[in-house]
Every structure is written in structure tokens, then in C-alpha cells.
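Each remark here refers to the structure printed beneath this line.
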Amino acid sequence: MGDHREMARALLTRRTYAEEAGITLADRPAPLYQLLVLVTLLSTRIRAGVAVAAARELFAAGYRTPQAMEAARWQQRVDALGRGHYRRYDERTATMLGTGARLCLDRWHGDLRRLHREAGGDRTALRRLLTEFPGIGPTGADIFLREVQSVWPELRPYADRRAVAGAKRLGLPAAPDRLAGLVDDDDFGRLASALVRVALGEESAGQLNRSVAAR
């Protein structure tokens with residue numbers, strides 16, 4: 001257990017995907033929408049680093065709210081995605097972002113806290129509502145819930161299949177409740193995000209194990 005806690009502490013030094021995209025996550029309309037944008041980008045078959053870079057470009061262009069995203073011309077969204085090297089899916093994704101922004105405005109008045117309240121904090125209901133957004137399937141819903149648990153605490157501990165796969169690579173417990181015992185409640189989302197990096201090969205399990213063993 002001591003080694004497991006050491007590994008968890010090492011993983012907590014990593015940034016979440018939301019942080020890497022420049023999102024200061026909070027239970028407020030703008031950052032929650034920005035997370036939705038990031039999740040839309042991460043849901044395609046493209047490297048996470050490219051999706052994060054594209055999100056940063058969209059936000060730098062001012063498209064941080066559904067109002068701004070919808071008001072942008074389609075070509076402006078395409079150009080911002082291109083600056084983030086998100087080129088293979090840029091035209092399709094630019095369309096989905098515009099459609100998703102309209103849905104967010106029409107159904108949730110631009111405030112995903114309303115979606116949260118409608119679901120009553122129920123994971124299954126949240127997943128169903130999230131997958132109504134274009135481009136977001138079950139994997140995308142997992143990403144959103146994994147990241148948002150830092151500000152929607154009733155979701156904790158939420159570890160999707162990729163986080164569990166990362167835990168197994170490191171020899172950590174695979175059960176979310178046992179993983180949660182390694183960190184403070186507020187840190188579980190960060191731990192889950194770091195475990196996904198291990199599962200995707202962004203972090204070397206062998207190198208992490210050697211680093212912790214050398215302490």
C-alpha cells in the first residue's frame with residue numbers, strides 16, 4: 001500500500017487534460033462548456049496532444065462560450081482547428097462544434113449545470129444526455145465525467161476503462177473505490193486523468209515504477 005501511495009503522489013504531479021487545454025475547471029457555464037469542446041475534440045481518432053492544442057487555439061480565438069462558438073463562421077472554426085494541427089477531421093468537427101453550441105443554447109440555455117441538475121447527478125443519465133451532443137459517444141462521455149468529477153463531487157470516484165487500464169499497467173488497484181483510497185477525494189479526477197496518460201502510452205509505466213522505486 002505504501003508503494004501504491006507513492007505512485008499515486010507521483011501521478012498527481014501531472015496536469016489534467018483540461019488544465020493542459022487552458023481550462024480552469026469550475027462549476028460555472030464557461031469552463032463547463034470549454035470542457036465539452038475539449039471532449040468533442042478528444043472523441044475523434046486523433047492524438048490527445050493534437051486535440052488539446054486545437055482546443056487551445058479555439059479558446060485563443062475567443063470561442064470560449066456556446067454563444068461565441070456559434071457566432072463564429074464555419075471557416076473561422078476550421079482555421080482555428082488547423083492552427084492546432086487538427087486537420088484530418090477539421091471540417092466535420094467545425095460543423096459539429098457549431099451544432100453542439102446551438103444545442104447547448106437551445107436546450108440548456110448555455111449552462112451545462114442545467115444538464116447536471118436534470119440528470120440529478122446520476123451517471124447513467126449524464127452519459128445519455130452528453131451523448132446527445134454531436135461527436136460525443138460513450139468514450140467522450142467517459143472523458144467528460146472523468147474530468148468534471150473534480151467539480152461535481154457526487155460522481156467520485158469515476159474511473160473509466162482507460163483509467164482502469166492505466167492502473168493495471170502500474171500494478172495499482174483496478175477498483176475505483178480502492179484507487180480512491182490512495183488520494184484525497186478532491187484529487188481523484190487528477191489521478192484518473194494521469195492513469196489515462198499511462199494507458200495511452202504518454203507516460204511510461206516502467207519509467208514511473210523505476211522512479212517511485214528509487215525514492
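Since the model is a prediction, treat every value here as computed from it, not as a measurement.
No salt bridge links E202 with R14; every basic N to acidic carboxylate O contact stays at or beyond 4.0 Å. Salt-bridge formation is not detected for the pair R162/D160: no Lys NZ or Arg NE/NH1/NH2 atom is positioned less than 4.0 Å from an Asp or Glu carboxylate oxygen.
Other residues, nucleotides and ligands contribute more than 12 heavy atoms inside 6.0 Å of the CD atom of Q75. No more than 12 heavy atoms of other residues, nucleotides or ligands lie within 6.0 Å of CZ in R88, so this atom counts as exposed by the packing criterion. Counting non-hydrogen atoms of other residues, nucleotides and ligands closer than 6.0 Å to CZ of R47 gives a total of 12 or fewer.
Taken together through direct or relayed side-chain contacts under 4.5 Å among Ile, Leu, Val, Met, Phe, Trp and Tyr, Y63 and L103 form part of one hydrophobic cluster. Residues W74 and V37 do not share a hydrophobic cluster, clusters being chains of Ile/Leu/Val/Met/Phe/Trp/Tyr side chains in contact below 4.5 Å. A chain of hydrophobic side-chain contacts below 4.5 Å, direct or via other Ile, Leu, Val, Met, Phe, Trp or Tyr residues, connects V50 to F59.
A side-chain donor-acceptor contact under 3.5 Å links D142 and Y158.
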Working for salt bridge (Lys or Arg N to Asp or Glu O under 4.0 Å), residues R127 and E132 | CA-CA 9 Å; R127 285 170 59 85; E132 292 180 11; over 6 Å; no

Applying side chain to side chain contact (heavy atoms under 4.5 Å, CB included), run through W108 and E118 and close with a yes or a no.
-> CA-CA 10 Å; W108 311 112; E118 180 170 319; 3.2 Å; yes

Begin with the C-alpha distance, continue with both residues' side-chain angles, and end with the deciding distance and a verdict on side chain to side chain contact (heavy atoms under 4.5 Å, CB included) for V78 and R73.
-> CA-CA 9 Å; V78 170; R73 295 193 306 275; over 6 Å; no

Please test E20 against R56 for salt bridge (Lys or Arg N to Asp or Glu O under 4.0 Å), starting from the C-alpha separation and ending with a verdict.
-> CA-CA 9 Å; E20 193 175 343; R56 292 182 68 92; over 6 Å; no

Does the pair H116 and E154 meet the rule for a side chain to side chain contact (heavy atoms under 4.5 Å, CB included), with working shown?
-> CA-CA 11 Å; H116 185 206; E154 76 280 1; 2.3 Å; yes

What do the steps show when you test E203 against R197 for salt bridge (Lys or Arg N to Asp or Glu O under 4.0 Å), and what is the final call?
-> CA-CA 6 Å; E203 292 274 2; R197 293 184 184 276; 5.8 Å; no

Just do the side chain to side chain contact (heavy atoms under 4.5 Å, CB included) check on L35 and L112 with the steps written out, would you?
-> CA-CA 10 Å; L35 178 60; L112 293 176; over 6 Å; no

Take E57 and H85, measure what side chain to side chain donor-acceptor pair (under 3.5 Å) needs, and give me the verdict at the end.
-> CA-CA 10 Å; E57 290 293 339; H85 304 289; over 6 Å; no

Residues R156, D186; criterion salt bridge (Lys or Arg N to Asp or Glu O under 4.0 Å); working and verdict | CA-CA 9 Å; R156 301 176 197 147; D186 291 349; 3.2 Å; yes

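Applying the side-chain contact (heavy atoms from CB on, under 4.5 Å) criterion to R102, with sequence neighbours excluded, gives E70, L105, D106.
A51 and L38 make their closest contact through O-CD1, 4.2 Å (heavy atoms, listed as atom of the first residue, atom of the second, distance). Shown here for L25 and S150, the closest heavy-atom pair between the two residues is CD2-OG, 3.6 Å. Considering all non-hydrogen atoms of both residues, A119 and A125 come closest at CB-CB, 3.8 Å. Contact between I46 and L41 at its shortest, heavy atoms only, is CG2-O, 3.9 Å. Of all non-hydrogen atoms in A53 and G84, the two that sit nearest each other are CB-O, 3.9 Å. Looking at every heavy atom in both residues, L12 comes nearest to R190 through O-CD, 3.0 Å.
Checking side-chain atoms of R77 against main-chain N and O of A72 turns up a donor-acceptor pair under 3.5 Å. With hydrogens and angles ignored, the 3.5 Å screen pairs a side-chain donor or acceptor of T13 with a backbone N or O of A10. R146 contributes no side-chain N or O that, together with a main-chain N or O of G189, makes up a donor-acceptor pair within less than 3.5 Å. Without hydrogens or angle criteria, D184 side chain to D187 main chain gives no donor-acceptor distance under 3.5 Å. A donor-acceptor pair under 3.5 Å links the side-chain atoms of H4 to the main chain of G171, judged by distance alone.
Under the 4.5 Å side-chain criterion, counting only non-hydrogen atoms from C-beta, Y17 is not in contact with V39. Between F188 and L182, the closest side-chain pair of non-hydrogen atoms is not below 4.5 Å. F144 is not listed as a side-chain neighbour of I136, based on a closest heavy-atom distance of 4.5 Å or more. By the 4.5 Å heavy-atom criterion applied to side chains, L130 and L36 are counted as neighbours. By the 4.5 Å heavy-atom criterion applied to side chains, P66 and M69 are not counted as neighbours. L97 has its side chain within reach of L58: a pair of non-hydrogen atoms, C-beta onward, lies under 4.5 Å apart. For the pair Y33 and R64, the minimum side-chain heavy-atom distance is 4.5 Å or more. You'll find the side chain of L11 reaches within 4.5 Å of the side chain of L170, heavy atoms only.
One distance of note links CG of L115 with CG of L32; it measures 9.5 Å at 0.5 Å rounding. Between the OG1 atom of T95 and the OH atom of Y89 there is a distance of 15.0 Å, given to the nearest 0.5 Å. Taken from CG in L145 to CG in L155, the straight-line distance is 6.0 Å, to the nearest 0.5 Å. The CE atom of M7 sits 10.5 Å away from the CG atom of L191 when rounded to the nearest 0.5 Å. Atom OG1 of T131 is separated from atom CG of L129 by 7.5 Å, given to the nearest 0.5 angstrom. Interatomic distance, L179 CG to L195 CG, rounded to the nearest 0.5 Å: 6.0 Å.
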